[in-house]
Amino acid sequence: MKSPLETIRWQGEASGTLTLIDQTLLPLEIKELDCHDVESVWEAIKQLRVRGAPAIGIAAAYGLVLGLQDVAMKDSAEFMARLDELHAFLASSRPTAVNLFWALDRMRRRATQLASQPSGKVIHLALLEEARAIHDEDRQLCRAIGKHGSPLIAAGSGILTHCNAGGLATAEYGTALSIMFTCQDEGKPIHVFVDETRPLLQGARLTAFELVQRGIRATLICDSMAAQVMREGKVQAVIVGADRITANGDTANKIGTYSVATLAKAHGIPFYVAAPTTTFDLTLETGEGIPIEQRSGTEITHGFGRQTAPAGVEVYNPAFDVTPAELITGIVTERGVISPVTRDNVVALVAPALATP
Ligand SMILES: CSC[C@H]1O[C@H](OP(=O)(O)O)[C@H](O)[C@@H]1O
């Protein structure tokens with residue numbers, strides 16, 4: 001069994017560099033991308049070279065550190081002005097995954113605390129330590145999600161998943177896939193049905209890759225086959241990740257998740273969302289307020305190198321959809337499982353974790 005790929009790695013100290021695995025090249029090529037400036041981090045997030053809500057937040061935190069490397073701590077006003085510019089720049093990369101904004105806000109809070117420091121070296125090192133803390137904490141959060149989620153899955157279960165919520169989307173173990181990895185760690189056999197997840201095929205390219213690497217039985221299916229495998233009794237649970245969960249439990253995730261949740265309901269199959277509390281946005285009461293990223297139509301008409309639609313056709317390419325809380329059996333977090341998914345239950349479990357010191 002191979003250990004998860006190290007999606008994100010900071011090399012050196014405050015003047016170091018960020019190394020990412022370029023996920024657009026997987027599964028055929030494992031190639032590292034060295035980021036020496038904030039612009040390359042922005043591009044990597046925008047183009048999904050690094051992707052997945054927690055991974056985006058971690059990369060953006062390190063991106064802030066890179067962007068401040070050429071700013072001496074001459075005075076806090078100049079330093080904080082530059083940090084605010086970098087915060088706005090990185091926040092413009094993708095709109096839906098709330099971890100991006102959570103991580104950037106946390107880094108800015110830390111910088112504000114340190115802004116009175118006389119020496120630039122201290123603040124640069126301290127901000128790198130904050131980014132590393134975000135990175136290390138996500139490792140722990142994901143492992144805890146696996147521990148809380150595994151008891152929901154009976155040995156021998158068929159599990160359907162959509163997109164990639166694995167180690168490649170996080171610091172190490174993933175969210176939805178952390179539950180699957182933990183089942184394996186505990187000797188509980190499972191069989192995962194992997195939606196290929198058009199148009200960017202994160203399921204086929206990334207989730208199938210991770211499961212095969214781990215030696216977990218995986219069957220790749222087209223998104224359109226999910227209903228049939230459910231009808232044939234092959235699926236006992238659905239587990240997916242999340243990009244933003246609101247106070248009432250509505251959940252934004254990769255486009256197609258809402259369809260899968262509707263199918264699960266129709267077939268009486270439990271539908272679980274796995275996410276750390278850093279993916280919750282309690283400032284939004286319902287999913288109506290979640291910004292949905294619209295991506296280029298060429299991802300559909302020219303997916304992976306060949307044109308598959310006539311020039312001139314209109315294309316609609318929302319990258320996410322919102323699954324209403326009433327379709328979600330439970331949300332598995334590092335602090336436990338939220339079920340039933342009600343506003344009171346969400347706030348009671350999540351608010352203490354998000355309370356800023
Ligand atoms: C553990 S978060 C994974 C989440 O992010 C993915 O979106 P993208 O590949 O566009 O970054 C997808 O929604 C996954 O469920």
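Start at 1 with the first residue, then count along the sequence. For ligands, and for the atoms within them, numbers begin at 1 and follow the listed sequence.
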Checklist entry - What is the ring orientation for Phe79 with His124, classed by angle as parallel under 30°, tilted 30 to 60°, or perpendicular over 60°? => result perpendicular

Checklist entry - Which bit of Ala242 is near ligand 1, meaning a heavy atom under 4.0 Å away: side chain, backbone, both or neither? => result backbone

Checklist entry - Is there a donor-acceptor contact under 3.5 Å linking the side chains of Gln228 and Arg231? => result no

Checklist entry - Against heavy atoms of Leu48, which atoms of ligand 1 measure under 4.0 Å? => result 10 (O)

Checklist entry - What protein heavy atom is closest to atom 9 (O) of ligand 1, reported as residue, atom name and distance in Å? => result Arg51 NE, 2.7 Å

Checklist entry - What do we get for His162 next to ligand 1 when only non-hydrogen atoms under 4.0 Å count, side chain, backbone, both or neither? => result neither

Checklist entry - Taking both backbone and side-chain atoms of Gly52, is any N or O found less than 3.5 Å from an N or O belonging to ligand 1? => result yes

Checklist entry - With a 4.0 Å cut-off, would you call Glu130 and Arg109 a salt bridge? => result no

Next on the checklist: Closer than 4.0 Å to some heavy atom of Ala53 - which atoms of ligand 1 meet that?
Outcome noted: 2 (S), 5 (O)

Checklist entry - For atom 3 (C) of ligand 1, what is the nearest protein heavy atom, given as residue, atom name and distance? => result Asn164 O, 3.4 Å

Item to check | Protein heavy-atom partner closest to atom 13 (O) of ligand 1 - residue, atom, separation in Å | outcome: Asp243 OD1, 2.5 Å

Checklist entry - So, does Cys163 sit close enough to ligand 1 that a heavy atom of it is under 4.0 Å from the ligand? => result yes

Next on the checklist: Can a side-chain donor-acceptor contact be found between Thr24 and Asp22 if the only test is distance below 3.5 angstrom?
Outcome noted: yes

Checklist entry - Are Glu85 and Arg82 ion-paired here, with the side-chain N under 4.0 Å from a carboxylate O? => result yes

Checklist entry - In terms of ring plane angle, is the pair Phe181 and Tyr173 parallel, tilted or perpendicular, where the classes change at 30° and 60°? => result perpendicular

Checklist outcome for this item: Honestly, for Thr257 the part within reach of ligand 1 (heavy atoms, under 4.0 Å) is neither

Checklist entry - Would you call Asp281 and Arg244 a salt bridge, using N to O less than 4.0 angstrom? => result yes

Checklist entry - Any heavy atom of Ala252 sitting closer than 4.0 Å to ligand 1? => result no

Checklist entry - Under 4.0 angstrom from ligand 1, any heavy atom of Arg94? => result yes

Next on the checklist: Using a 4.0 Å cut-off to any heavy atom of Pro54, which atoms of ligand 1 qualify?
Outcome noted: 1 (C), 2 (S)

Next on the checklist: In this structure, is the centre-to-centre distance between the rings of Phe89 and His87 below 6.0 Å?
Outcome noted: no

Checklist entry - Which atoms of ligand 1 are found less than 4.0 Å from any heavy atom of Gln202? => result 8 (P), 9 (O), 10 (O)

Next on the checklist: How far is atom 1 (C) of ligand 1 from the closest protein heavy atom, and which atom is that?
Outcome noted: Thr175 OG1, 3.5 Å

Checklist entry - Going hydrophobic residue to hydrophobic residue with side-chain gaps under 4.5 angstrom, can you get from Leu26 over to Val212? => result no

Checklist entry - Got the closest protein heavy atom to atom 15 (O) of ligand 1, with its distance? => result Asn253 OD1, 2.5 Å

Checklist entry - Between Phe280 and Ile331, is any pair of side-chain heavy atoms under 4.5 Å apart? => result yes

